[in-house]
Amino acid sequence: MADRPYTLLSCGMSLDGYLDSADVPRLALSNDSDFDRVDAVRAASDAILVGAATVRADNPRLLVRSAARRTERAARGLPESPVKVTVTRRGDLDADAAFFCTGTGEKLVYCPTAVAPALRARLGSVATVVDAGWQVDMRDVSKDLSGRGIGRLMVEGGGTVHTQFLTADIADELQLVVAPLFVGDSRSRRFVGDGRFPWHADRRATLAEVRQIGDVALLRYALSARFCAGSD
Ligand SMILES: NC(=O)c1ccc[n+]([C@@H]2O[C@H](COP(=O)([O-])OP(=O)(O)OC[C@H]3O[C@@H](n4cnc5c(N)ncnc54)[C@H](OP(=O)(O)O)[C@@H]3O)[C@@H](O)[C@H]2O)c1
């Protein structure tokens, strides 16, 4: 078994590369058909990871929406929705967040040793708090998830988290949806921040697929030799 899960990064961004808008809460970048496609990707995953800022800003449920997909997972002996995973440095997470309150599956929170006891006291009844050492490293998170039986990980953002998976070269696939709008406000979050990325002018990523989904474009990039073209 590989020492980390097959890791798929999923993201919607504006034409100018933003994930959100500083002014508009929960900016809708995608459309219904694409939300349904993302739901299928979720249903095919063992775990979904988001950063703590996304838990706070979007209050996402991160559940499989389609009843048919939930039934199909159950028939395969899987929980109806994937395991939910988040990471936090400060430990500022609310037990009432939809991340913790919805779905019956496991919820994992990776945090540094310094905040683990307080976080356990606050979230202990709704999540498993994993002490990740003096700082949380996405390689270690990936390895730990693999040890917990996670074979396929979907990373749903935000940009801080995507940046770390990309710069650490531990992503196998990127599914980037480009929405036909501009945000035009540098206070908003970009798809990625600064960093040394393994793909640059001398080592270009492989564009594996371009698909039009209504008014958005899905770009699929193969980021490793493990890329699995059939998975969408
Ligand atoms: N368009 C899309 O597809 C999409 C998807 C998801 C999110 N979003 C948007 O993206 C925005 C959030 O993005 P973001 O980049 O600000 O944040 P993010 O990646 O969601 O979360 C960042 C937070 O995660 C925690 N974190 C990240 N790396 C860590 C590490 N190595 N160790 C410990 N904790 C770590 C920290 O939490 P603490 O602050 O708790 O320490 C950090 O502040 C939201 O506005 C959301 O709406 C858009």
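Order of appearance sets the numbers: ligands from 1, and atoms from 1 within every ligand. Not measured: the values here are computed from a predicted model.
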- Note on the structure: Of Ala53, Gly193, Ala132, the one whose closest heavy atom lies nearest atom 22 (C) of ligand 1 is Ala53

- Item | N or O contact, Gly159 vs ligand 1, cut-off under 3.5 Å | yes

- Answer yes or no: is there a donor N or O on one side and an acceptor on the other, between the side chain of Ser224 and the main chain of Arg226, under 3.5 Å? yes

- Query: Any cation-pi pair here, Arg65 with Phe35, using under 6.0 Å and within 45°?
  - Reply: yes

- Contacting atoms of ligand 1, where contact means under 4.0 angstrom from a heavy atom of Gly12: 1 (N), 2 (C), 3 (O)

- Message: With nothing but distance in play, are any N or O atoms of Asp137 less than 3.5 Å from an N or O of ligand 1?
- Response: no

- Can you check side chain to side chain contact (heavy atoms under 4.5 Å, CB included) on Val129 and Cys111, steps first, answer last? CA-CA 7 Å; Val129 174; Cys111 68; 3.7 Å; yes

- Item | Numbering as shown, the atoms of ligand 1 that approach Leu29 to under 4.0 Å (heavy-atom distance) | 1 (N)

- To the nearest 0.5 Å, what is the distance between CZ (Arg37) and CG (Asn31)? 9.5 Å

- Task: Check each of Leu49, Thr160, Val87 against atom 14 (P) of ligand 1 and report the one with the nearest heavy atom.
- Result: Thr160

- Any idea which part of Met138 is under 4.0 Å from ligand 1, heavy-atom wise: side chain, backbone, both or neither? side chain

- Backbone, side chain, both or neither: what part of Arg90 comes under 4.0 angstrom of ligand 1, heavy atoms only? both

- Looking at Phe99, does the NZ or CZ of Lys84 lie under 6.0 angstrom from its six-membered ring centre and within 45 degrees of the ring axis? yes

- Item | Contact check: Val136 vs ligand 1, nitrogen or oxygen atoms, below 3.5 angstrom | yes

- Message: Looking at non-hydrogen atoms alone, which of Leu9, Thr54, Asp20 comes nearest to atom 20 (O) of ligand 1?
- Response: Thr54

- Message: Give the atom numbers and elements of ligand 1 that come within less than 4.0 Å of a heavy atom of Gly51.
- Response: 18 (P), 20 (O), 21 (O), 24 (O)

- Would a 4.0 Å cut-off, counted as strictly less than, catch a protein heavy atom around atom 42 (C) of ligand 1? no

- Task: Spell out, as yes or no, whether a donor-acceptor pair under 3.5 Å connects the side chain of Arg26 to the backbone of Asp58.
- Result: yes

- Geometric N/O contact Ser10 with ligand 1, under 3.5 angstrom: no

- Item | Electrostatic pair Lys143-Asp140, nearest N-O below 4.0 angstrom | no

- Item | Per-residue contact class, Asp58 against ligand 1 - non-hydrogen pairs under 4.0 Å | side chain

- Proximity to ligand 1 by part of Gln164, non-hydrogen separation under 4.0 Å: side chain

- Salt bridge flag under 4.0 Å for residues Arg4 and Asp172: yes

- Message: Only heavy atoms of Glu156, strictly under 4.0 Å: list the atoms of ligand 1 that pass.
- Response: 5 (C), 6 (C)

- Heavy atom of Met13, distance to ligand 1 below 4.0 Å: no

- From CA spacing to verdict: side chain to side chain donor-acceptor pair (under 3.5 Å), Gln175, Tyr221: CA-CA 7 Å; Gln175 298 193 356; Tyr221 292 91; over 6 Å; no

- Among Asp23, Val24, Asp20, whose side chain to side chain contact (heavy atoms under 4.5 Å, CB included) with Ser188 holds? Asp20

- May I ask you to list the atoms of ligand 1 that are less than 4.0 angstrom from any heavy atom of Cys11? 3 (O)

